[in-house]
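Data block below; observations after.
To find a chain, count down the sequence lines: A is the first, B the second, and so on, and within it residues start at 1. Predicted model, so just to flag it, every value in this text is computed and none were measured.
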Protein chains: 2
Amino acid sequence: MPQNKKQSDDKIARFESALKAAGLKLTYQRLEIFRELANAADHPTVEILHQRLKNRIPTLSLDTIYRTLATLEQHGLITRVQTAESQAHFELTIPHHHHLICEKCGRITDFDWPAFDNAPLPEKVSSWGKVFHRKAILHGRCLVCQSVLT
Amino acid sequence: MPQNKKQSDDKIARFESALKAAGLKLTYQRLEIFRELANAADHPTVEILHQRLKNRIPTLSLDTIYRTLATLEQHGLITRVQTAESQAHFELTIPHHHHLICEKCGRITDFDWPAFDNAPLPEKVSSWGKVFHRKAILHGRCLVCQSVLT
DNA sequence: TTACTATATAGGAATAATTACTATTCTCCA
DNA sequence: TGGAGAATAGTAATTATTCCTATATAGTAA
C-alpha cells in the first residue's frame, strides 16, 4: 500500500515542520508518539499508547507521553477526544469529522457528515457567542455488539 | 413564578415514581441531590453539588453524591456530560438538546436544534450499527469571554 | 566536529478525582 | 412498630494525571 505509506510520510513531514515552527525540539519520543497516534485507527488512551510503544522504546515513561500529548494538543497537532470515560482519548487533529460511540464496547469510530458541517446554526447560537468548531456525536450500538447477547 | 414551581414539582414527582419503579429507596439525600441538579442552570460537578448542598445537609459525604449520581445515571434519570475536563459534569436527562461550550470559561450552555435532530444520517452510519441518541457539540467563545482580553 | 545552552526525558513522588470498605442509620413493608 | 435489607458517613484505597529533579539530548554557533 504505497498510497498509505505516502500519506503517513506526509503526516510525519508536516509534524516535523510544525514542531520546528513552534520552536519545539524534534525528539525521538515525540516523533514516535505522534507516529503511533497517526497510525492508530482507534482513539487510544495514554496507557494504550504506552503499551504499544514500550516494545520499541522500553524506557519511555508515562509522564513523557502525558507531557508530549499535552504539548501537541496545545499546538493543535492532536485533539483530546471527549468521552464519558475517566481516561482521556486522543487522535490526530482532523477537521470536520464526527464520532460514533458504541455504548457497549466504548469504541469510537470516525465518520464524515458534510451536510452537518454546512447546516445553518439555530438563531440562539449567534446570541451566545462565536462558534469555531462543531461536532456530532452519535451514541448507539455497533454491529458487533448487536450480535452479542445482553 | 408559579409555572416554574409547578414544573419543578413535576420533575420531583416523576423522580419519586421512577425510584419506586426501579426498586430504589427514596432517601433524603437522593431527593436533595436530584432537586439540586434539577434546579441548576449550569452542569455542575460533584464538588460543586457538594458545596451547594452541604449548607442544607452538613453531613452529606462526597461518596454519597458519587454513588447517587452513578445510580441515577444507570437508571437514565441523569446524564453524564462529556467534556475534556477531568471532573465529570452532570445534568438531568433531557432528550434532544445540545451543548455550546466556551473554550475560555468552560461553561456549558444548552440549546435546541430540531433541524439537526431530524436530519438524515450519512449512509456509512447505518453500516456501523444502530444509533440511539445524537448530540451536537459546538465549541467557541461566549459573548462574555469575547469581551475579555487574551 | 565540538562545545554550549536550553529544553526534554526518566523515574519516582505527589496530587486530584473517584471508588471501595465497614459500621451505623434509615426506608419500606409487614 | 419492628425487622430486613439497602443506603449513608467517614475514611481508606485506587486510578489517572501531574510535578520534581537529576541526567540526557537537540539545536546552534564556533
Using every non-hydrogen atom in the two residues, find where Arg80(B) and Ala84(A) come nearest and quote the distance to one decimal.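 Here Arg80(B) and Ala84(A) meet closest at CD-O, 3.6 Å.
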
What closest approach, in Å, do Gly106(B) and Ile101(B) show between heavy atoms, and which atom pair accounts for it?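 Where Gly106(B) meets Ile101(B) most closely, the heavy atoms are O-CG2, 4.3 Å.
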
Which residues within residues 75-86 of chain A lie with some heavy atom under 4.0 Å of an atom in DNA chain C?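 Listed by number, there are none.
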
Hey, can you pull the residues of residues 16-34 of chain A with a non-hydrogen atom under 4.0 angstrom from DNA chain C?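 Going residue by residue through residues 16-34 of chain A, the ones with a heavy atom under 4.0 Å of DNA chain C turn out to be Leu24(A), Lys25(A), Thr27(A), Gln29(A), Arg30(A).
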
Identified side chain to side chain contact (heavy atoms under 4.5 Å, CB included) counterpart of Ile65(A) within the set Thr45(A), Leu60(A), Leu37(A):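 Exactly one candidate clears the test, Leu60(A).
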
Relative orientation of the end axes in the helix from dT1(C)-dA30(D) to dA30(C)-dT1(D), expressed as an angle to the nearest 10° (five pairs per end):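 The value is 40°.
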
Provide the full list of salt bridge (Lys or Arg N to Asp or Glu O under 4.0 Å) pairs with a residue in residues 49-67 of chain B, sequence neighbours left out, each pair given once.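 Every pair satisfying salt bridge (Lys or Arg N to Asp or Glu O under 4.0 Å) with a residue in residues 49-67 of chain B: Glu32(B)-Arg56(B), Glu36(B)-Arg56(B), Asp42(B)-Arg52(B), Asp63(B)-Arg67(B).
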
Can you pull the salt bridge (Lys or Arg N to Asp or Glu O under 4.0 Å) pairs that have at least one residue in residues 13-24 of chain A, sequence neighbours excluded?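 Counting only pairs at least two positions apart or across chains, no salt bridge (Lys or Arg N to Asp or Glu O under 4.0 Å) contact touches residues 13-24 of chain A.
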
Can a donor-acceptor pair be found, under 3.5 Å and without considering hydrogens, that links the side chain of [X] to the backbone of [Y]?
X         : Y         : result
His99(A)  : Ile108(A) : no
Lys135(B) : Leu138(A) : no
Arg30(A)  : Lys25(A)  : yes
Arg107(A) : Cys102(A) : no
Thr79(A)  : Glu91(A)  : no

Listed in order of residue number, which residues of residues 35-48 of chain B have a non-hydrogen atom at under 4.0 Å from DNA chain D?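 Those residues: none at all.
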
Below 4.0 angstrom, which residues in residues 49-61 of chain B have at least one non-hydrogen atom near DNA chain D?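 Within this stretch, Thr59(B), Leu60(B), Ser61(B) sit under 4.0 Å of the strand.
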
Could you walk me through whether Ile33(A) and Leu53(A) satisfy the side chain to side chain contact (heavy atoms under 4.5 Å, CB included) test, starting with their C-alpha distance in whole Å, then the side-chain angles of each, then the deciding distance to 0.1 Å, before giving a yes or no? CA-CA 8 Å; Ile33(A) 291 169; Leu53(A) 284 163; 3.8 Å; yes

Under the ring pair (Phe, Tyr, Trp, His ring centres under 6.0 Å) rule, collect the residues that match up with His89(A), sequence neighbours excluded.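 Ring pair (Phe, Tyr, Trp, His ring centres under 6.0 Å) list for His89(A), sorted by chain: empty.
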
How about His98(B) and His96(B): are their ring centroids closer than 6.0 Å?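 Distance test on ring centres: not under 6.0 Å, no.
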
Go through the structure and list residues passing side-chain hydrogen bond (donor to acceptor under 3.5 Å, both in side chains) with Gln82(A), not counting sequence neighbours.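 Expected list: His139(B).
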
Decide whether Thr68(A) and Thr71(A) meet the rule of one side-chain donor and one side-chain acceptor closer than 3.5 Å.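 Per modelled atom types, Thr68(A) and Thr71(A) side chains form no pair under 3.5 Å.
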
Scan Ala88(B) against the nucleic acid and name what it touches under 4.0 Å (heavy atoms): base, sugar-phosphate only, or nothing.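 Touches sugar-phosphate only.
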
Of all nucleotides in DNA chain D with an atom under 4.0 Å from a non-hydrogen atom of chain A, which is the first and which the last going 5' to 3'?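 So the outermost contacting nucleotides come out as dA16(D) to dG27(D).
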
For nucleotides 21-25 of chain C, list the nitrogen or oxygen atoms of the protein found under 3.5 Å from its nitrogen or oxygen atoms, one pair per line.
{"unit_1": "dC21(C)", "atom_1": "N4", "unit_2": "Asp63(B)", "atom_2": "OD2", "d": "3.3"}

Tell me whether the rings of Phe111(B) and Trp113(B) are parallel (<30°), tilted (30 to 60°) or perpendicular (>60°).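 Plane angle between 30° and 60°, so tilted.
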
Evaluate the side-chain proximity of Thr83(A) to Val81(A): yes if any heavy-atom separation is below 4.5 Å, no if none is.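 In contact.
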
Indicate yes or no: at least one non-hydrogen side-chain atom of Trp128(B) is less than 4.5 angstrom from one of Leu143(A).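 With C-beta onward as the side chain, the pair stays apart.
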
Quick check on DNA chain C: between Ala70(B) and Ile65(A), whose nearest nucleotide comes earlier from the 5' end?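 Looking at the nearest nucleotide for each, Ile65(A) comes out on the 5' side.
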
Kindly list each side-chain donor-acceptor pair under 3.5 angstrom involving residues 119-127 of chain B, sequence neighbours excluded, with atom names and distances?
{"unit_1": "Lys124(B)", "atom_1": "NZ", "unit_2": "Asp110(A)", "atom_2": "O", "d": "2.7"}
{"unit_1": "Ser126(B)", "atom_1": "OG", "unit_2": "Glu123(B)", "atom_2": "O", "d": "2.7"}
{"unit_1": "Ser127(B)", "atom_1": "OG", "unit_2": "Lys124(B)", "atom_2": "O", "d": "2.7"}

Test log, rule side-chain hydrogen bond (donor to acceptor under 3.5 Å, both in side chains), inputs Glu103(B) and His133(A): CA-CA 10 Å; Glu103(B) 64 185 26; His133(A) 309 289; 5.2 Å; no

Can you find a side chain N or O atom of Tyr66(B) that sits less than 4.0 Å from OP1 or OP2 on dT19(C)?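 False: Tyr66(B) side-chain N/O out of range (4.0 Å or more) of dT19(C) OP1/OP2.
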
